[in-house]
Protein chains: 2
Amino acid sequence: MTEGPTITTIAQRAGVSIASVSRVLNGLPTREDTVRRVMRAADELGYVPNSVARSLRNRRTDQVAFAMADIGNPVYVAMVREIQPVLKEAGYRLLIHSTDGDAEDELGVLRGLRERYVDGLIISPLRGVTEEHIEAIVAARAPVVVIGSLPEDMPEGALVDNVRTDSRTGVRLALDHLHAIGRRRIGFLNGPLDTVPGAARAAAYREALEALGLPYDEDLVEVGDFYRESGAHAARALLSRVPGVDALMCANDLIALGALDVLREQGRDVPGDVAVVGMDDTELASVAWPTLTSVSLGSAERGRAAAGLLLDRLQNGPREPRVVVVRPSLTIRGSTTLPGTSPGGAR
Amino acid sequence: MTEGPTITTIAQRAGVSIASVSRVLNGLPTREDTVRRVMRAADELGYVPNSVARSLRNRRTDQVAFAMADIGNPVYVAMVREIQPVLKEAGYRLLIHSTDGDAEDELGVLRGLRERYVDGLIISPLRGVTEEHIEAIVAARAPVVVIGSLPEDMPEGALVDNVRTDSRTGVRLALDHLHAIGRRRIGFLNGPLDTVPGAARAAAYREALEALGLPYDEDLVEVGDFYRESGAHAARALLSRVPGVDALMCANDLIALGALDVLREQGRDVPGDVAVVGMDDTELASVAWPTLTSVSLGSAERGRAAAGLLLDRLQNGPREPRVVVVRPSLTIRGSTTLPGTSPGGAR
DNA sequence: CATCCGGCCGTAAACGTTTACAGACCGCTC
DNA sequence: GAGCGGTCTGTAAACGTTTACGGCCGGATG
């Protein structure tokens, strides 16, 4: 594999020093004549600067990583979609780490920051930010944006911004809506309780019930994973245990899809017999049938905000940490409104 | 920002030379005592090797890029999902370039290979492989895997493997199926003709009709984009022009979703009045209602194959180019089988 | 004509690794 | 005790950039 030209090659051909070559290529003031000679040589040789050497010298890689649980989840895809153009615009490349929600993997990514292969990181830790995460972030000395919740008491040295949503309010919106359309036996299909969203949504469900004056009934709650199959499984269990349930609150859209599968299979009308609400308001919600009422947690917005915060730190240097909170909203679709009163279908 | 320890720091603390430090850290044979001293010092200092310096010296970055049109398209997500674990397993990081199908952008990525920020590239060029692409690939001198079709006459020096599918056969499968269930006025909603899939599918549609003894009718063809909105738009146009159409062949699932939106809106029964077939067999096909019959082009399989080919070249060095062809298959779902005869719903 | 100043340029060091090469040291053998 | 062989280690170069510093040269100024 023949090696390409370097500034040394150019320098020889143009009859100048490598310093001059570098200066010309970086647009530093140089005599007209030298500029021409260097440019000419560079052109003829088809020179392209070596980004690794440049990184070593400049102590920056122009790369940023985004780590999340599962690139298959449309929530994260929505985030990537927003993050990528912002970074590209600013001249950064994007690395993707799909950690499968594995805590070790997440920590690996954080610790990897010390290898300096990226200038910054956006991470969405499924299992929450532990002591170890914090240590790694402090040790990293590279800017990090956490999407999700962050402990109150972050140490001084941590260069970390935070983008979060308020899933408590999100669940509240959903239950208020279900209550408003007359549902009183509202089941809850949750994800793992040792994940941040899982725990938050469990608490929020209880609270919201209380606020509505409805009793909390353990039998109405199922805990599984954040996947479609798992949602189907949970729905089946719940429906057989409590046949009279008249609404299902699902901790994300995938779970809700699984629930819809089962309800259809069992011939129960949605929303006539059972109303269904998802969370995340992914594209899937608008594709499903009936279209799925879903709590929007502003994935796109969170992605954009995270990219913005990171870029700001990268470009303007240290500053005190910031927190951006994205407000949830409820997108009402067919799975909770009776056909007659449906406010129209897609998207 | 204090700088972290380097091998020099370790060398001082351990009272040895940097060469010894490097040897120890890389597991080269070294006296027991030296090993201990170096390890101890490294531990105490919390040393982490700088990957950029290592890359410069070793002439490899341990990074690989995947460039495709739109990370929002589930086809590419499926590919990423397969590519990532294979690469991670082999110690490579993954960069993502979402080019928006912009030819300049694609070329930019290919040319970027010469900057040596990745060791290899998987690219799915939406508009096909032009002369310029080939030039860039040859000049790159880094292994490239193209997902999609490749010209027959690749020059010698090009380190390029190829993974393709046979969308001709795919379309053929779909039309055979539609014909078998009695459809004779089969519309076609295509993507842009200047994209590789668009062109291939257009030709395939004609061929398949001919093989079935059906006339080709321009009025039955709409050309738009590979997006849902565009599919809706195209469907609306086609339906108003040819109200009697009894099936819609769609060039991808997103287009098919748009078509389903419109059919529902117009109160036409699917598949009773109009049968619909999508392509790519993405997750969306199993979520939509009615569930969508779709031609599977083996996205996951293509992703896996591409990663495998690239890895092989990276690890085992040059060899003659290979081509992997993934055979399409048809997944029959609700959008082409009458409710009564439906072979069961989801997935 | 000597001096000074400013603009360009080249030399060399630095970023943090890996590794070729040669030297130091040890223990053996004859 | 000299010579040899082997093991381990240190020196230094290399990867391809950027940039501090000082030198040189020209013109302007006294």
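To find a chain, count down the sequence lines: A is the first, B the second, and so on, and within it residues start at 1.
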Nucleotide-resolved protein contact map, nucleotides 5-13 of chain D, B/S/- at heavy-atom distance under 4.0 Å: ---SBBB-B
B/S/- along nucleotides 23-28 of chain D (protein heavy atoms under 4.0 Å) is ------
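Leu28(A) has its CG atom 15 Å from the P atom of dG7(C), to the nearest Å. Between Arg59(B) atom CZ and dT19(C) atom C1' there is a gap of 14 Å when expressed in whole angstrom units. The CZ atom of Arg60(A) sits 16 Å away from the C1' atom of dT19(D) (whole-angstrom rounding). Whole-Å rounding puts the Ile7(A) CD1 to dA12(C) P distance at 15 Å. For Leu56(B) and dT17(D), the CG to P distance is 9 Å, given to the nearest whole Å. What separates CG of Leu25(B) from C1' of dT19(C) is a distance of 14 Å, to the nearest Å.
Regarding contacts with the backbone of dC15(D), every side-chain N or O of Asn58(B) stays at 4.0 angstrom or more from both OP1 and OP2. Put simply, Thr6(A) has no side-chain N or O that comes within less than 4.0 Å of OP1 or OP2 on dG16(D). Between Arg54(A) and dT18(D) there is a side-chain polar atom (N or O) within less than 4.0 angstrom of OP1 or OP2. The phosphate of dG16(C) (OP1 or OP2) has no side-chain N or O of Tyr117(A) nearer than 4.0 angstrom. Residue Asn26(B) places at least one side-chain N or O under 4.0 Å from the OP1 or OP2 atom of dT18(C).
Inter-residue side-chain proximity for Val160(B) and Val145(B) is flagged as unmet; no heavy-atom pair is nearer than 4.5 Å.
The two atoms that bring Pro125(B) and Val129(B) nearest to each other are CG-CG2, 3.9 Å, heavy atoms only.
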Asp62(B) and Arg54(B): CA distance, side-chain angles, deciding distance, salt bridge (Lys or Arg N to Asp or Glu O under 4.0 Å) verdict: CA-CA 10 Å; Asp62(B) 295 320; Arg54(B) 181 176 278 174; over 6 Å; no
Evaluate side-chain contact (heavy atoms from CB on, under 4.5 Å) for Leu95(A) paired with Ile96(B), printing each intermediate quantity in order. CA-CA 6 Å; Leu95(A) 274 92; Ile96(B) 293 287; over 6 Å; no
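Salt bridge Asp119(A)/Arg93(A): absent, no basic N to carboxylate O contact under 4.0 Å.
Heavy-atom contacts from other residues, nucleotides or ligands closer than 6.0 Å to CD of Glu89(B) number 12 or fewer.
Without hydrogens or angle criteria, Asn162(A) side chain to Val146(A) main chain gives a donor-acceptor distance under 3.5 Å.
Among residues two or more places apart in sequence or in another chain, the salt bridge (Lys or Arg N to Asp or Glu O under 4.0 Å) test is passed with Asp102(A) by none.
Donor-acceptor pairing under 3.5 Å is lacking for the side chains of Arg60(B) and Asn58(B).
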